[in-house]
Novice: 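The structure follows.
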There are 2 protein chains.
Amino acid sequence: MTEKSRPLRADAARNRARVLQVAYETFAEEGAGVPIDEIARRAGVGAGTVYRHFPTKESLFQAIVAERLRQVVERTREQAAADPGEGLYAFLFQMAEQGATDLGLTEAFAGIGFDLAAALPEAEKEFTGLMAEILAQAQRAGTVRSDLDAADIKTLIVGLQAMRRFRGDSELMRRVYPVIRAGLAAPEHRSVD
Amino acid sequence: MTEKSRPLRADAARNRARVLQVAYETFAEEGAGVPIDEIARRAGVGAGTVYRHFPTKESLFQAIVAERLRQVVERTREQAAADPGEGLYAFLFQMAEQGATDLGLTEAFAGIGFDLAAALPEAEKEFTGLMAEILAQAQRAGTVRSDLDAADIKTLIVGLQAMRRFRGDSELMRRVYPVIRAGLAAPEHRSVD
DNA sequence: ATATAATCGGGGCGCTCGTTCCGTTTTGGA
DNA sequence: TCCAAAACGGAACGAGCGCCCCGATTATAT
């Protein structure tokens, strides 16, 4: 459907690739708020060139986020297959780490000026599905309390990423992550009343 | 020093109060990004009037944040005095709740476009001091693991507020809060290696 | 080599928003 | 009541940024 009707000209293809690569790095460093002109400048092209390949700034951002998600999903599948009980923790840790590096992904995930589910429905669905899967796996393995669902995990990820951003220093972040982990592993707190 | 050299004219005093009140509500609803014009409109005054009382938008925002912090500190002192072991948890819960209601405070706290320590050094110092105090109190009471410090708690607050904002629904937030609490109460995880 | 079409670059438009300016209105003391 | 000082409001300015336009440039088929 949306396949290329004609191959891009050589210079056009080169520029497109450069823009993608630079945008990837720049969104990660500066967040979604970075001006298109800055990305164009870093890529050594004019703003017009960026807009010829991506009709809006948002569409460029979407492309980047989709790629990031793809990577995370892939790595998570591997890790979950290797160790079912640890899969969810490996996932959380990875997402927290990404939150430190990739400001853009953090914002997309937290829904700051960007509706992930609306913009990339399939990617979002796959992502959420994977999360539910590895959560159930971990719960079956007994490493995570059973009264939590995928939405709770998603919420925790948003929190973890915010914390990472706040406390850039990875060493100190490792002080808080164990707390979350202990909380997830804790037995359900049967109501006290 | 900065005391009023002359009492404000009646209309000026009235307008100043209105602006403060409206800004309080508007920053809470919309976050620090809301235009001054919007605050002026809601207060029924011109933008110029806002600027006569507060030289910059930031100074207005500061005034609001300082007031919010004052309230939180006061309530926390009461709660901590009433139940030393629960003081920290009451504080966390309160901060998480504020995060749901007060977008401006959340942003100020997470350091999004606003450096709390630089803008309001005394308030920040008092706040951090109080946190250290009730943390130590809880640790003495044995309700919080002993390998955490005030900076860790601050980090957790940022996370909690981000989660609240993401998951507005207070009922569902109550699904995640217990996880954090369990993690805080868990015994220290002596290194396994 | 040349023509033609694809692509490029960056100046410019339109909009938002913080802040200022100034002609007009209101206040309060004499 | 009257007037000078204080305060008002909203038009206007400047900066930042998304996006578009168009004359200049470059790739490719012949």
Side-chain angles (χ1 to χ4, degrees), chain A residues 2-23 26-27 29-65 103-104 107-108 112-115 119, chain B residues 2-23 26-27 29-65 103-104 107-108 112-115 119:
Chain A
T2 51
E3 296 312 289
K4 51 209 161 193
S5 39
R6 246 171 309 184
L8 280 176
R9 229 171 69 174
D11 54 346
R14 207 181 320 124
N15 279 332
R16 187 177 201 282
R18 272 192 71 76
V19 167
L20 262 178
Q21 175 60 26
V22 169
T26 309
F27 278 136
E29 283 170 34
E30 313 283 342
V34 74
I36 281 287
D37 287 36
E38 170 67 12
I39 292 174
R41 201 183 53 71
R42 292 200 199 187
V45 302
T49 300
V50 176
Y51 278 99
R52 202 160 314 97
H53 294 300
F54 302 92
T56 64
K57 181 186 177 182
E58 171 131 351
S59 72
L60 175 57
F61 187 64
Q62 273 181 31
I64 303 296
V65 170
L103 207 49
E107 290 169 17
I112 299 177
F114 184 75
D115 186 343
Chain B
T2 51
E3 296 311 289
K4 52 211 164 193
S5 38
R6 246 171 308 182
L8 281 176
R9 228 170 69 175
D11 54 346
R14 206 182 319 124
N15 279 332
R16 188 177 199 284
R18 272 192 72 76
V19 166
L20 263 178
Q21 174 61 27
V22 168
T26 308
F27 279 135
E29 282 171 35
E30 313 283 342
V34 73
I36 282 286
D37 287 34
E38 171 66 15
I39 292 175
R41 201 184 52 73
R42 291 200 200 187
V45 302
T49 299
V50 176
Y51 278 97
R52 203 160 314 100
H53 293 299
F54 303 92
T56 64
K57 183 187 176 181
E58 172 130 352
S59 72
L60 174 58
F61 187 65
Q62 273 181 30
I64 304 296
V65 170
L103 207 48
E107 290 169 18
I112 298 177
F114 184 76
D115 186 344

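Every chain is numbered from 1 and lettered A, B, ... according to where its sequence line falls, protein lines coming before strand lines.
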Novice: Toward the 5' end of DNA chain D, which comes first, B/Thr49 or A/Gly33, by nearest nucleotide?
Specialist: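 Counting from the 5' end, the first nearest nucleotide belongs to B/Thr49.
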
Novice: Is any side-chain heavy atom of B/Arg41 closer than 4.5 Å to a side-chain heavy atom of B/Asp37?
Specialist: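 Sidechains of B/Asp37 and B/Arg41: no contact.
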
Novice: Considering heavy-atom distances to DNA chain C, does B/Leu8 or B/Gly48 have its closest nucleotide positioned more toward the 5' end?
Specialist: B/Gly48

Novice: What is the distance, to the nearest angstrom, from the CZ atom on B/Arg9 to the P atom on C/dT27?
Specialist: 7 Å

Novice: Check every strand shown and say whether A/Val50 touches a base, only sugar-phosphate, or nothing at a heavy-atom separation below 4.0 Å.
Specialist: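 Nothing, no heavy atom under 4.0 Å.
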
Novice: Answer yes or no: is there a side-chain heavy-atom contact under 4.5 Å between A/Thr49 and A/Arg52?
Specialist: yes

Novice: Rounded to whole Å, please give me the gap between CG in A/Asp11 and C1' in C/dA5.
Specialist: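 Checked: the CG to C1' distance equals 12 Å.
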
Novice: Taking only side-chain N and O atoms of A/Asn15, does any of them lie within less than 4.0 angstrom of OP1 or OP2 on C/dC8?
Specialist: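 Yes, such a contact exists.
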
Novice: Any side-chain heavy-atom pair from B/Leu20 and B/Ile64 closer than 4.5 angstrom?
Specialist: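 Yes - at least one pair of side-chain heavy atoms lies under 4.5 Å apart.
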
Novice: With a 4.5 Å cut-off on side-chain heavy atoms, are B/Ile36 and B/Leu60 touching?
Specialist: yes

Novice: Once you round it to whole Å, what is the distance between P of C/dC22 and OH of B/Tyr51?
Specialist: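 Distance, rounded to whole Å: 18 Å.
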
Novice: CZ of B/Arg52 versus P of C/dC22: gap in Å, rounded?
Specialist: 14 Å

Novice: Under 4.5 Å between any side-chain heavy atoms of A/Arg18 and A/Val45, yes or no?
Specialist: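 Result no, sub-4.5 Å side-chain heavy-atom pair not found.
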
Novice: Please compare A/Asp37 and A/His53 by the position of their nearest nucleotide in DNA chain C and report the one closer to 5'.
Specialist: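 The answer here is A/His53.
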
Novice: What's the spacing between A/Phe114 CZ and A/Gln62 CD if we round to 0.5 Å?
Specialist: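 The CD atom of A/Gln62 is 5.0 Å from CZ of A/Phe114, to the nearest 0.5 Å.
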
Novice: Looking for any heavy atom pair under 4.0 Å, which part of the strands does B/Ala12 touch: base, sugar-phosphate only, or nothing?
Specialist: sugar-phosphate

Novice: Any heavy-atom pair between the side chains of A/Phe27 and A/Val65 that's under 4.5 Å?
Specialist: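 A/Val65 does not reach A/Phe27 side chain to side chain.
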
Novice: Please state how far atom CZ in A/Arg18 lies from atom C1' in C/dT7, giving the value in whole angstrom units.
Specialist: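 One finds 16 Å between C1' of C/dT7 and CZ of A/Arg18, rounded.
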
Novice: Using a heavy-atom cut-off of 4.0 Å to chain A, what are the terminal contacting nucleotides of DNA chain D, in 5' to 3' order?
Specialist: D/dC17 to D/dT28

